[in-house]
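Take a look at the structure below.
Note that these values count all heavy atoms, side chains included, but never hydrogens, waters or copies made by symmetry. The residues of the chain are indexed from 1 along the displayed sequence.
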Amino acid sequence: FVWGDRVWDWQAFDKRVKTMAGVLADRAGIGKGDRVLVQSANNNQLFESLFACMRLGAVWVPANFRGAPDDLKWVADHSGAKLLICDTSFPQHAVIEAASIETRIAIANVSVHSNANAGSDEAFGPDIDTLMEQFDGELPTLADVDRDDPAWFFFTSGTTGRPKAAVLTHGQLGFVVNNHLADLVPGANEDDASLVVAPLSHGAGIHQLMMAARGAPTIMAGSERFDTSELWQLVEKWQVSNMFTVPTILKLLVEAPEVHQVDHSSLRHVIYAGAPMYRADQVHALETLGSVLVQYFGLGEVTGAITVLPPKRHSISDDGRIGSCGYPRTGMQVQIQDDSGNEVAPGNTGEICVTGPAVFAGYWDNPEANAKSFRDGWFRTGDLGHMDDSGYFYITGRESDMYISGGSNIYPREIEEKILEHPAVTETAVFGMPDTKWGELGVAVCKLVDGENLQPEELEMYLRERLASYKMPRQFYFWDEIPKSGYGKMAKRLVRDELLKRLGES
């Protein structure tokens with residue numbers, strides 16, 4: 001594990017994990033089935049706590065560290081966490097009142113985090129590294145866990161309301177690790193190196209768990225801020241062969257000038273997920289990095305394992321697969337189903353549904369969500385799409401993103417693709433807003449390329465040649481920045497809320 005200038009080899013990492021497990025058991029009485037809540041930005045201790053929990057048979061509950069203290073309190077209460085491990089960068093989170101939390105321990109890695117609150121105090125509890133240095137008890141043996149025992153509460157991003165805790169089990173994660181190795185980074189071994197450019201508490205943590213299974217080092221930037229220069233220098237220094245990211249972050253990486261100043265020829269697999277990648281951004285990434293892009297479609301509930309589009313299926317030219325999210329993952333079944341759960345014929349739009357060993361064990365303490373999300377053994381993703389005659393899948397958009405205008409179903413994805421073909425636009429979000437006459441009308445919020453000065457009527461005229469009239473947005477807004485979720489994904493709810501706020505102030 002590499003963090004800036006610090007390096008832990010596997011022997012040192014293993015010793016730290018075992019000692020941390022001993023501390024959690026001795027100090028907080030953590031054992032099989034107990035939930036351990038972790039509020040932390042990326043660091044070595046966050047990743048170590050995952051393995052420490054697994055050794056004890058405890059459930060790892062990593063929070064979105066960008067969430068507010070109230071968000072963490074809700075996660076604590078919902079999960080029934082017995083222990084809170086809190087990064088000292090978050091003093092307000094350390095003092096949340098949660099009935100189930102009996103013990104608090106601090107992550108205070110002051111050699112990396114320069115923080116006025118670093119160290120131990122009553123709010124945070126004792127420092128984990130200090131406890132590990134002082135620990136002289138017996139190291140706990142591996143817990144006896146079953147395939148269906150919970151291992152990780154994977155909280156959904158919560159872009160449409162309160163996040164839900166998807167229960168990932170030990171057996172499911174074992175399957176997913178092998179599934180990812182087969183489909184995403186075939187042939188990976190200890191000679192590879194993987195760069196972290198996203199929170200380890202979410203999809204990046206799954207990716208690094210997979211790399212750890214092959215003995216490949218995890219490389220993490222020393223800076224707390226997103227620095228494209230540092231990231232590309234790390235690619236060159238450590239001969240990074242793969243990374244996991246989301247389309248918005250990949251876009252920033254390939255548009256950074258530093259990408260042309262370093263040797264990135266070691267890259268073989270640049271994996272993006274979390275949202276479809278717009279075609280214009282995809283082409284630019286291919287032109288910049290070469291044939292290294294890997295797309296996978298999946299949700300936290302299926303740990304990413306629904307479809308895959310490998311490097312050889314990405315093309316700069318029009319090869320007939322443009323817009324596809326790929327074909328079914330190893331060991332998984334995918335169907336397009338109608339509202340009654342019947343499979344529809346190729347070319348017809350319906351809901352993307354999936355079954356197989358990667359599907360989670362259900363939402364924790366949420367029977368209503370479970371009843372809505374499962375039907376006849378199939379998990380309902382909530383994504384709309386279709387399949388072609390060759391078995392490749394295409395995402396139309398989220399069911400919740402669709403809006404109805406004048407009786408017609410409008411899918412924003414197609415409109416967004418057309419808007420992004422304009423050279424002056426770099427980001428966009430299209431969604432419906434209430435209208436007394438038409439039910440809903442489409443609006444487009446856009447971010448322009450630096451230095452561009454596009455007018456709404458110019459963009460409208462451009463689109464009239466490319467879109468049916470009923471699909472045309474009726475309002476265009478140009479913003480300096482478009483809101484993202486805590487995991488770097490475009491969040492329509494956040495954009496809509498911001499627009500309502502601005503309209504209310506005007």
Side-chain angles (χ1 to χ4, degrees), residues 1-17 19-20 38-52 62 64-66 85-90 105-120 124 127-130 132-133 190-212 215-246 249-250 252-253 256-259 261-264 266-267 270 486-488:
F1 192 96
V2 177
W3 185 15
D5 296 329
R6 306 180 68 184
V7 180
W8 293 266
D9 63 18
W10 285 111
Q11 189 174 34
F13 189 85
D14 183 59
K15 182 179 179 181
R16 285 183 59 84
V17 167
T19 306
M20 184 182 288
V38 185
Q39 166 73 20
S40 177
N42 282 350
N43 53 46
N44 64 299
Q45 298 144 315
L46 172 65
F47 201 45
E48 290 160 356
S49 69
L50 163 62
F51 293 93
N64 179 352
F65 73 90
R66 294 187 178 94
I85 303 177
C86 190
D87 184 332
T88 55
S89 299
F90 304 96
I105 295 177
I107 292 177
N109 215 323
V110 294
S111 60
V112 176
H113 282 293
S114 56
N115 189 287
N117 297 290
S120 302
F124 289 102
D127 170 37
I128 186 76
D129 269 21
T130 301
M132 289 165 64
E133 290 169 4
E190 68 277 8
D191 295 325
D192 285 272
S194 181
L195 181 68
V196 176
V197 291
L200 289 169
S201 57
H202 214 61
I206 299 291
H207 185 83
Q208 300 313 134
L209 181 63
M210 166 185 72
M211 297 315 299
T218 285
I219 315 298
M220 202 169 68
S223 173
E224 293 184 46
R225 64 186 182 88
F226 181 78
D227 185 342
T228 54
S229 177
E230 181 184 15
L231 292 171
W232 283 120
Q233 289 173 20
L234 288 171
V235 169
E236 181 177 64
K237 177 180 179 180
W238 292 98
Q239 292 293 283
V240 168
S241 60
N242 69 76
M243 67 174 79
F244 165 84
T245 186
V246 296
I249 299 300
L250 180 53
L252 292 173
L253 287 170
E258 299 86 9
V259 70
Q261 300 164 8
V262 302
D263 177 11
H264 52 72
S266 58
L267 283 174
V270 176
Y487 294 112

Point to revise | F1 side chain near V7 side chain, heavy-atom distance below 4.5 Å | key: no
Study note, to complete from the structure: CG of N44 to OG1 of T218, rounded to nearest 0.5 Å, is 11.5 Å
Check your understanding: Side chains of S49 and Q45: is there a donor and an acceptor less than 3.5 Å apart?
Key -> no
Check your understanding: With under 30° as parallel and over 60° as perpendicular, where do the rings of W232 and H264 fit, or are they tilted in between?
Key -> tilted
Point to revise | Contact check, side chains of F51 and L209, non-hydrogen atoms, under 4.5 Å | key: yes
Exercise for review: Using the side-chain contact (heavy atoms from CB on, under 4.5 Å) rule, take T19 and E133 through it: C-alpha gap first, then chi angles, then the decisive distance, then the call.
Suggested key: CA-CA 9 Å; T19 306; E133 290 169 4; over 6 Å; no
Point to revise | Exceeds 12 heavy-atom contacts within 6.0 angstrom, atom CG of D9 | key: yes
Check your understanding: Do R16 and D129 touch side chain to side chain, with heavy atoms closer than 4.5 Å?
Key -> yes
**Study point:** Spacing of OG belonging to S194 relative to CH2 belonging to W238, to within rounding of 0.5 Å
**Key:** 13.5 Å
**Study point:** Pairwise side-chain contact, L200 with M220, heavy-atom cut-off 4.5 Å (strictly under)
**Key:** yes
Review point. Is the backbone N or O of S266 less than 3.5 Å from a side-chain atom of S241, with the two atoms forming a donor-acceptor pair by type?
Key: no
Point to revise | Straight-line distance of L195 CG to L234 CG, nearest 0.5 Å | key: 6.0 Å
Practice item. Of all the heavy-atom pairs spanning I249 and V197, show the shortest one and how long it is. Key: CG2-O, 4.2 Å
Check your understanding: Below 4.5 Å, heavy atoms only, C-beta onward: do M20 and I128 meet side chain to side chain?
Key -> yes
Exercise for review: Mind listing the closest non-hydrogen atom pair of A193 and I219 along with its distance?
Suggested key: CB-CG1, 4.4 Å
Practice item. Please report the closest heavy-atom contact between L46 and I107, naming both atoms and the distance. Key: N-CD1, 4.5 Å
Review point. What is the distance from atom CG of N64 to atom NE2 of H202, rounded to the nearest 0.5 Å?
Key: 8.0 Å
Point to revise | Donor-acceptor contact below 3.5 Å, side chain E230 vs main chain G222 | key: yes
Review point. Between F65 and Q39, what is the shortest heavy-atom contact and its length?
Key: O-NE2, 3.1 Å
**Study point:** Reported CD-to-CG distance for the pair Q233 and D227, which is rounded to 0.5 angstrom
**Key:** 7.5 Å
Study note, to complete from the structure: Heavy atoms of E236 and D263 approach each other most closely as OE2-N, 2.9 Å
Point to revise | Close side-chain approach of L231 to L253, heavy-atom, < 4.5 Å | key: yes
Review point. Is there a side-chain contact between V196 and W3, using heavy atoms and a 4.5 Å cut-off?
Key: no
Point to revise | Flag, side chain of N42 to backbone of A198, donor-acceptor distance under 3.5 Å | key: yes
Practice item. Indicate yes or no for a side-chain donor-acceptor contact from D87 to the backbone of F90 under 3.5 Å, with no hydrogens or angles considered. Key: no
Revision key, fill the gap. Residues E190 and P217: closest non-hydrogen pair is O-CD, 4.0 Å
Review point. With under 30° as parallel and over 60° as perpendicular, where do the rings of F13 and F47 fit, or are they tilted in between?
Key: tilted
